[in-house]
Amino acid sequence: MSLADRLQGDVTGIFYRESEFARRHSFNGQEILCIVDGEDRQKSQNLNAVSIEWDAGAHFITLRVPEGQLADMPLEGERITFDGRLYTVMQVTPNEGEWIVSLRSAEARTIL
């Protein structure tokens with residue numbers, strides 16, 4: 001068995017195991033197992049905002065989806081729903097047996 005095969009087995013067996021990092025989510029009404037990474041992008045998206053009035057309400061997340069979870073690769077610019085929220089697919093990058101999908105949502109926020 002090659003090193004690449006061993007690493008692929010570790011990725012599938014550890015990172016995409018529900019008891020470790022992966023969680024079940026709804027992607028266009030289909031339940032999938034994926035890893036959601038959005039905390040860093042959420043924290044850094046509005047560093048230049050002077051006040052909350054200038055915040056457009058943009059929300060960015062990155063999904064790591066193992067190949068085979070979705071029937072077709074999402075297309076850049078496509079509108080999808082993820083966990084009941086509407087997003088635009090910004091970028092899709094195939095990466096050694098997984099897809100890295102960057103999503104953006106813009107929702108108006110209440111200004112207090």
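Please read all numbers here as calculations on a predicted model, not as lab measurements.
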Review point. For Leu86 and Ser105, which heavy atoms make the closest approach, and how far apart are they?
Key: O-OG, 3.0 Å
Exercise for review: Could you go through the side chain to side chain contact (heavy atoms under 4.5 Å, CB included) check for Ile61 and Tyr87 one step at a time?
Suggested key: CA-CA 9 Å; Ile61 60 172; Tyr87 286 91; 3.9 Å; yes
Exercise for review: Applying side-chain hydrogen bond (donor to acceptor under 3.5 Å, both in side chains), name anything that partners Asp83, two or more places apart in sequence or on another chain.
Suggested key: His25
Study note, to complete from the structure: Of all heavy-atom pairs linking Leu70 and Trp99, the shortest is CB-CZ3, 3.8 Å
Under 3.5 Å, side-chain donor or acceptor atoms of residues 73-80 against the rest of the protein: list the pairs with distances, not counting sequence neighbours.
residue: Glu78; atom: OE1; partner: Leu75; partner atom: N; Å: 2.9
residue: Arg79; atom: NH1; partner: Thr88; partner atom: OG1; Å: 2.7

Check your understanding: Could you give the distance from OG (Ser102) to CE (Met90), rounded to the nearest 0.5 Å?
Key -> 8.5 Å
Check your understanding: Checking Glu98 side chain against Cys34 main chain: does a donor-acceptor pair fall under 3.5 Å?
Key -> no
Check your understanding: When hydrophobic residues are tied together by side-chain contacts of less than 4.5 Å, even through go-betweens, does Ile100 share a cluster with Phe82?
Key -> no
Check your understanding: Does the side chain to side chain contact (heavy atoms under 4.5 Å, CB included) test come out yes or no for Asp37 and Arg64, once each step is laid out?
Key -> CA-CA 8 Å; Asp37 182 17; Arg64 299 182 81 89; 5.7 Å; no
Review point. In Å, rounded to the nearest 0.5 Å, how long is the span from OG1 of Thr81 to CG of Asn28?
Key: 4.5 Å
